[in-house]
Undergrad: 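Once you've had a glance at the structure underneath, I'll fire off some questions.
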Amino acid sequence: MHDFLPDEPMMTVAERAAINAGPWFSSLSPTLRHDILRHARARRYPDGRLICARGDPAQEWSGVARGAVRVSGGSAAGKQVILTYVAPGAWIGDVGILAGGVRTHDAYAHGDTTLVTVQKADLHAILARHMELYDALLRLQARRVQHLFKVVEEVHTLSLRERLAKQLGRLMRSYGVPSAADGQEVRIGLQLAQEDLAQLLGASRQRVNQQLKVMEREEAIRIRPGTLVVRDPQALTSLPG
């Protein structure tokens, strides 16, 4: 049993805007978007709360409307390993439902998080009414597979320095907040400890910290408690490996 605040039928204005701004969701027809949100309920989780656990029945399809979802797996030694952070506007849970299975990973709220959830029976009903959704979900899966292949390729072909730069670039695009003081700088709004970043890269915290310090000396980033500021987004992609 996973604790969460009671479901609410309505999203806030900001939450609805985040869902509608998602690249995949915004590509759907207005009729389909309306039908999905007509069945959706807002579910709010405090920071750190378990959303679903590996092995749970796949019963809900969810869009992230606020905060982030930290998806974790387990190592052979039983240690939790962070696989990804799911940003506002993205949808998750469809694979388990359509495959008729269970959750394959643990998911936690990272920061105060709101999900808009569609029950399994409602998703099947929407699919029956909108053939468009089948093609849309196939496109979504294709993009996920492409991203997965890209990450695997990076692990095998790039140095830690290069992979760190690419990961910071992804975090900046998903969670970047422009600096009010300097229009070129971008603060990564996702609160991350260096251990979290190390897990994303599959490296030790010490090695990642060394590379961050080098990037800071080169004035590509600025390290702040719990977050990073990208001082020069262009320099981030041109750092030597």
Side-chain angles (χ1 to χ4, degrees), residues 18-19 21-28 50-58 60-65 67-110 113 115 118 120 123 127 133-176 188 190 192 195-205 207-208 211 236-237 239 241:
I19 288 293
W24 177 80
F25 190 75
S26 64
S27 72
L28 306 178
L50 178 67
I51 295 171
C52 65
R54 182 196 298 261
D56 283 351
E60 293 177 340
W61 180 44
S62 303
V64 183
V69 174
R70 184 177 74 247
V71 180
S72 302
S75 69
K79 179 182 177 182
Q80 281 284 309
V81 177
I82 298 171
L83 300 175
T84 191
Y85 290 89
V86 184
W91 288 75
I92 55 176
D94 46 285
V95 174
I97 289 178
L98 297 178
V102 297
R103 303 293 190 185
T104 57
H105 298 89
D106 299 329
Y108 295 85
H110 192 81
T113 298
L115 300 183
V118 177
K120 177 179 179 179
L123 174 58
L127 282 165
L133 185 54
Y134 283 98
D135 287 339
L137 288 173
L138 283 173
R139 291 196 304 272
L140 182 60
Q141 294 307 318
R143 284 202 290 270
R144 288 170 177 163
V145 171
Q146 286 177 329
H147 175 71
L148 176 61
F149 283 160
K150 182 181 295 184
V151 171
V152 172
E153 181 181 19
E154 290 171 4
V155 169
H156 289 284
T157 62
L158 301 183
S159 68
L160 176 60
R161 176 75 168 279
E162 292 167 321
R163 289 193 289 121
L164 176 57
K166 285 184 175 292
Q167 185 62 252
L168 293 180
R170 292 184 182 114
L171 292 170
M172 180 182 66
R173 288 189 293 274
S174 295
Y175 303 98
I188 295 175
L190 189 70
L192 283 181
E195 178 63 28
D196 298 334
L197 189 55
Q199 287 190 31
L200 279 172
L201 292 164
S204 70
R205 185 187 63 79
R207 290 183 64 209
V208 170
Q211 295 299 329
L236 198 64
T237 59
L239 289 172

Undergrad: Check whether any side-chain N or O of Arg103 sits under 3.5 Å from a backbone N or O of Gly55 as a donor-acceptor pair, and report yes or no.
TA: no

Undergrad: First locate atom CG of Leu140, then atom CD1 of Ile92, and finally report the distance between them rounded to the nearest 0.5 Å.
TA: 11.0 Å

Undergrad: Determine, stepwise, if the pair Ser27 / Arg139 fulfils side-chain contact (heavy atoms from CB on, under 4.5 Å).
TA: CA-CA 11 Å; Ser27 72; Arg139 291 196 304 272; 4.0 Å; yes

Undergrad: To the nearest 0.5 angstrom, please state how far the CG atom of Leu201 sits from the CG atom of Leu168.
TA: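 Result: 8.0 Å between the selected atoms.
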
Undergrad: Provide the closest heavy-atom pair for Val118 versus Leu123 in the form atom of the first, atom of the second, distance.
TA: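 Smallest heavy-atom distance, with atoms named: CG1-N, 3.8 Å.
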
Undergrad: To check you understand the geometry: which heavy-atom pair defines the closest contact between Val69 and Val64, and what is its length?
TA: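 For Val69 versus Val64, the nearest heavy atoms are CG2-CG2, 3.9 Å.
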
Undergrad: Grab the two heavy atoms, one from Gly67 and one from Thr113, that are nearest each other, plus how far apart they are.
TA: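 For Gly67 versus Thr113, the nearest heavy atoms are CA-OG1, 3.8 Å.
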
Undergrad: For Ala203 and Leu160, which heavy atoms make the closest approach, and how far apart are they?
TA: CB-CD1, 3.9 Å

Undergrad: With a 3.5 Å distance limit and no angle check, can you tell me whether Ser26 reaches the backbone of Pro23 through a side-chain donor-acceptor pair?
TA: yes

Undergrad: Let me see the working for Leu197 and Leu171 under side-chain contact (heavy atoms from CB on, under 4.5 Å), right down to the final yes or no.
TA: CA-CA 10 Å; Leu197 189 55; Leu171 292 170; 4.1 Å; yes

Undergrad: Is there a side-chain contact between Asp94 and Gln141, using heavy atoms and a 4.5 Å cut-off?
TA: yes

Undergrad: First locate atom OG of Ser204, then atom CD of Glu195, and finally report the distance between them rounded to the nearest 0.5 Å.
TA: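 Atom-to-atom, Ser204:OG and Glu195:CD are 9.0 Å apart.
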
Undergrad: Any salt bridge between Glu153 and Lys166, counting N to O under 4.0 Å?
TA: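 Judged by the 4.0 Å cut-off on N to carboxylate O distance, Glu153 and Lys166 do not form a salt bridge.
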
Undergrad: Taking side chain as C-beta onward, heavy atoms only, is Arg163 less than 4.5 Å from Gln167?
TA: no

Undergrad: Does the side chain of Leu127 come within less than 4.5 Å of Leu98's, by heavy atoms?
TA: yes

Undergrad: Nearest 0.5 Å, please: how far is SG in Cys52 from OH in Tyr108?
TA: 9.5 Å

Undergrad: Are more than 12 heavy atoms, taken from residues, nucleotides or ligands other than Lys120, located less than 6.0 Å from that residue's NZ atom?
TA: yes

Undergrad: Please find the pair of heavy atoms, one from Trp61 and one from Gly93, that lie closest to each other, and give the distance.
TA: CD1-C, 4.2 Å

Undergrad: Could you tell me if the side chain of Val95 sits less than 4.5 Å from the side chain of Arg144, heavy atoms only?
TA: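 Of all side-chain heavy-atom pairs linking Val95 with Arg144, at least one is under 4.5 Å.
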
Undergrad: Could you pull out the closest heavy-atom pair between Gly63 and Trp91, with the gap in Å?
TA: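 Smallest interatomic distance, heavy atoms only, reads N-CE3, 3.4 Å.
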
Undergrad: Any non-hydrogen side-chain atom of His147 less than 4.5 Å from a side-chain atom of Arg170?
TA: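 Sidechains of Arg170 and His147: in contact.
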
Undergrad: Report the distance from atom CG of Asp196 to atom NE2 of His110, rounding to the nearest 0.5 Å.
TA: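 The NE2 atom of His110 is 6.0 Å from CG of Asp196, to the nearest 0.5 Å.
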
Undergrad: Step by step, work out the side-chain contact (heavy atoms from CB on, under 4.5 Å) result for Trp24 and Leu137.
TA: CA-CA 9 Å; Trp24 177 80; Leu137 288 173; 3.9 Å; yes

